[in-house]
Amino acid sequence: MEVLFNEQDILQRISYDVITKELEVPAYRKIGLAYRENQTLSLASKQFLNYLEYR
């Protein structure tokens, strides 16, 4: 399992002129994760899941 979303990195890699603006009302998105067994996850994946419990 690997998840990475960094909009600033993505915007720097494209050649288009893109303007970013703050939203008046913050937008949030729910995500779902699926995995078979906790024992087969990488250490980074386990740490990410632990981090999500506190968010």
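Residue numbers run from 1 in the order of the sequence given.
Note: Lys46 NZ to Thr40 OG1 = 8.0 Å, rounded to the nearest 0.5 Å. Rounded to the nearest 0.5 Å, atoms CZ (Phe48) and CG (Leu43) are 14.0 Å apart.
Cluster annotation: Tyr51 is connected to Leu49 through the hydrophobic network of ILVMFWY side chains, with a link wherever side-chain heavy atoms come within less than 4.5 Å.
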